[in-house]
Amino acid sequence: MVLGLLALLVLSTAWVGVRGYLAKGELESAIPLASTIQTQLLAADADAAAQSVNELQDHSTTAASLTSDPIWRAYEVLPWLGPNLTAVRELADVVNNVAQDAVGPLATVAASVDLEAFKPVDGALNLQPLVDAQGDVARASTALTAAGTQAARIDTRNTLDVVTDAATQLQTTVATTATTIASLNRAVQLLPAMLGADGPRNYVLLFQNPAELRAGGGIPGALALIHTENGRIELAEQANSGDFPRYDSPVLPLSPETQGIYGAITGTYIQNVTLTPNFTTSATLAAEMWRLQFGVTVDGVISLDPVTLSYLLAATGPITLPTGDVLSAENAVQLLLVDAYARYSDPAQQDAFFAAAAASVFEAVAGGSADPVKLIAALAQAGDEHRVLVYSAHEEEQSVLLQTTIAGALPVSTDLVKRLGVYFNDGTGAKMDTYLDVKYAVGQVTCRNDQRPEFGLDVTLTNTAPADAATSLPEYVTGGGSFGITPGNVNTLVSVYGSPDMQNLGVLRDDADVPYHPATDESYPVSTIAVDLAPGESTVLSFDWLGAEPFSGDLEVQSTPIIHLPETETLDFSC
């Protein structure tokens with residue numbers, strides 16, 4: 001009897017060991033196929049990709065089967081071996097679910113879609129490929145989200161390093177891929193309707209000018225009305241800020257918080273609607289001003305800036321403007337934000353030049369001149385940097401947009417990342433912000449017995465204008481002292497947002513206490529301070545908060561999309 005039990009134990013152990021070894025081989029064969037499939041799809045070899053998908057699915061199914069039989073599951077209860085077997089089974093199951101429910105549908109979409117189909121022809125984009133892709137992309141996104149949740153639950157506290165490393169790698173890969181495909185899913189669900197598949201649409205297009213900063217990007221000096229219908233995109237009308245009156249009171253009700261931090265002027269003049277970093281507020285105000293002035297109720301608002309135009313020019317190639325200037329990816333920012341002010345002293349001429357440049361880039365993109373791969377990359381980069389913002393007046397579309405960076409919402413923190421907001425509004429009343437250099441540094445430290453952490457953010461501002469800026473730069477750029485600011489100086493209102501669960505601990509300027517304006521905006525603690533810098537002058541603003549509970553994740557900065565966005569550095573922050 002004892003010998004029989006011993007033999008059974010040996011055979012069972014061998015069974016589990018052999019199946020584990022075979023499963024390892026199946027997973028090692030499966031994982032490289034993901035890169036192979038991507039390469040084959042990019043090479044437009046749909047047949048080879050389909051074969052690789054089948055192989056991937058076969059390997060992943062076999063691995064899942066090898067690690068889920070009753071004997072394997074029975075061994076999972078053992079104190080040392082068990083946690084490793086459980087983790088391996090769960091790893092194999094995640095890989096199999098991704099292979100079956102995500103890779104297959106995505107490969108089908110990729111094999112059936114030619115990127116050239118996304119080039120507009122005679123101003124119209126063929127929407128059918130997007131419509132056809134909606135089901136497969138949605139299924140893949142759902143599967144990856146579920147796989148990400150499943151992978152995150154794999155317990156590796158008592159597993160071998162090799163198992164822990166495999167689980168960590170899988171968790172990271174699935175989470176990153178799920179985020180990417182979720183964005184793709186939102187795009188294919190939204191774009192057909194927004195481009196007029198279900199009926200004509202109208203959008204206000206705001207061109208924000210960061211030479212005169214607003215929290216959302218810059219003053220909207222030039223505007224346009226975009227009409228979409230059945231994939232056709234037309235520039236229906238152009239306007240500039242001079243076409244809009246200054247209203248006596250906000251055109252729509254403003255929250256007390258917005259009025260308290262940014263003033264009622266946010267809702268009384270088109271150039272001020274982006275004083276708030278909340279793009280939904282800015283967009284609804286702009287849409288209402290357009291309705292009041294031109295009698296058109298729009299379906300949404302889209303915003304972009306000259307840096308976005310430079311990214312798009314990398315996809316279209318250089319464009320010759322009506323003035324004869326050749327606008328390129330390399331010179332767009334310099335030409336639009338510096339040279340134009342030296343050339344044109346009349347603000348109306350400046351706005352007209354800027355509008356003509358934007359219209360020319362728009363026509364090149366709408367006319368199909370852009371390389372589709374480079375165009376998608378350009379829009380993705382601009383979206384990540386909050387340079388492209390989109391608002392839809394259709395509630396169901398806006399609810400989807402609010403899950404993306406292009407919605408222009410306040411920073412959203414998670415259990416893993418605390419996001420802080422840094423927003424700038426020009427106080428010079430001119431175009432000096434091309435000379436404003438900015439750096440960010442963030443850090444955290446835990447010194448209290450209750451383990452509540454302290455968070456720090458340093459914002460370094462420098463006026464890089466020449467020493468003789470008061471006389472060497474055009475008066476329209478310096479402001480000429482019109483708003484009480486010394487010509488050549490850069491005057492900036494800096495508003496910094498902690499996350500909603502933080503307690504405001506105040507602000508230092510160059511390590512000294514300074515007056516500042518504490519406030520709350522949609523439950524976010526906000527500190528606002530005005531800074532005036534002479535040419536060559538620099539200052540460091542230090543913002544501190546107390547966290548509500550222990551936190552060991554990362555810190556990130558979401559900011560006004562200034563011309564040159566800096567990398568966020570690590571702040572040496574100690575008790």
Query raised in the report: Could you go step by step and tell me if Leu546 and Arg448 meet the side-chain contact (heavy atoms from CB on, under 4.5 Å) rule?
Result: CA-CA 10 Å; Leu546 181 65; Arg448 295 164 53 111; 3.6 Å; yes
Query - From Leu304 atom CG to Leu205 atom CG, the distance as rounded to the nearest 0.5 Å - result: 5.0 Å
Query - Interatomic distance, Asn272 atom CG to Tyr262 atom OH [nearest 0.5 angstrom] - result: 13.0 Å
Would you indicate whether the side-chain heavy atoms of [Y] and [X] approach each other to under 4.5 Å?
{"X": "Asp554", "Y": "Leu416", "result": "no"}
{"X": "Leu508", "Y": "Val514", "result": "no"}
{"X": "Trp545", "Y": "Val496", "result": "yes"}
{"X": "Phe279", "Y": "His386", "result": "no"}
{"X": "Asp426", "Y": "Thr492", "result": "no"}
{"X": "Ile562", "Y": "Leu436", "result": "no"}
{"X": "Ser282", "Y": "Thr274", "result": "yes"}
{"X": "Leu571", "Y": "Leu457", "result": "no"}

Donor-acceptor side-chain pairing of [X] and [Y] below 3.5 angstrom:
{"X": "Ser495", "Y": "Asn425", "answer": "no"}
{"X": "Thr276", "Y": "Asn278", "answer": "no"}
{"X": "Asp437", "Y": "His564", "answer": "no"}

Query raised in the report: Taking only residues two or more places apart in sequence, or in another chain, which ones meet Asp155 in a side-chain contact (heavy atoms from CB on, under 4.5 Å)?
Result: Arg157
Report task. Please say which of Val301, Asp299, Ile226 ends up in a side-chain contact (heavy atoms from CB on, under 4.5 Å) with Val204. Result -> Val301
Report summary line: From the list Ile302, Thr280, Leu206, side-chain contact (heavy atoms from CB on, under 4.5 Å) partner of Tyr391 resolves to Thr280
**Report entry** Under 3.5 Å donor-acceptor, Gln398 side chain and Ser392 backbone
**Finding:** yes
Query raised in the report: So does Glu567 have more than 12 non-hydrogen atoms from other groups sitting under 6.0 Å from CD?
Result: no
Query raised in the report: Does the ring center of Tyr497 lie less than 6.0 Å from the ring center of Tyr423?
Result: yes
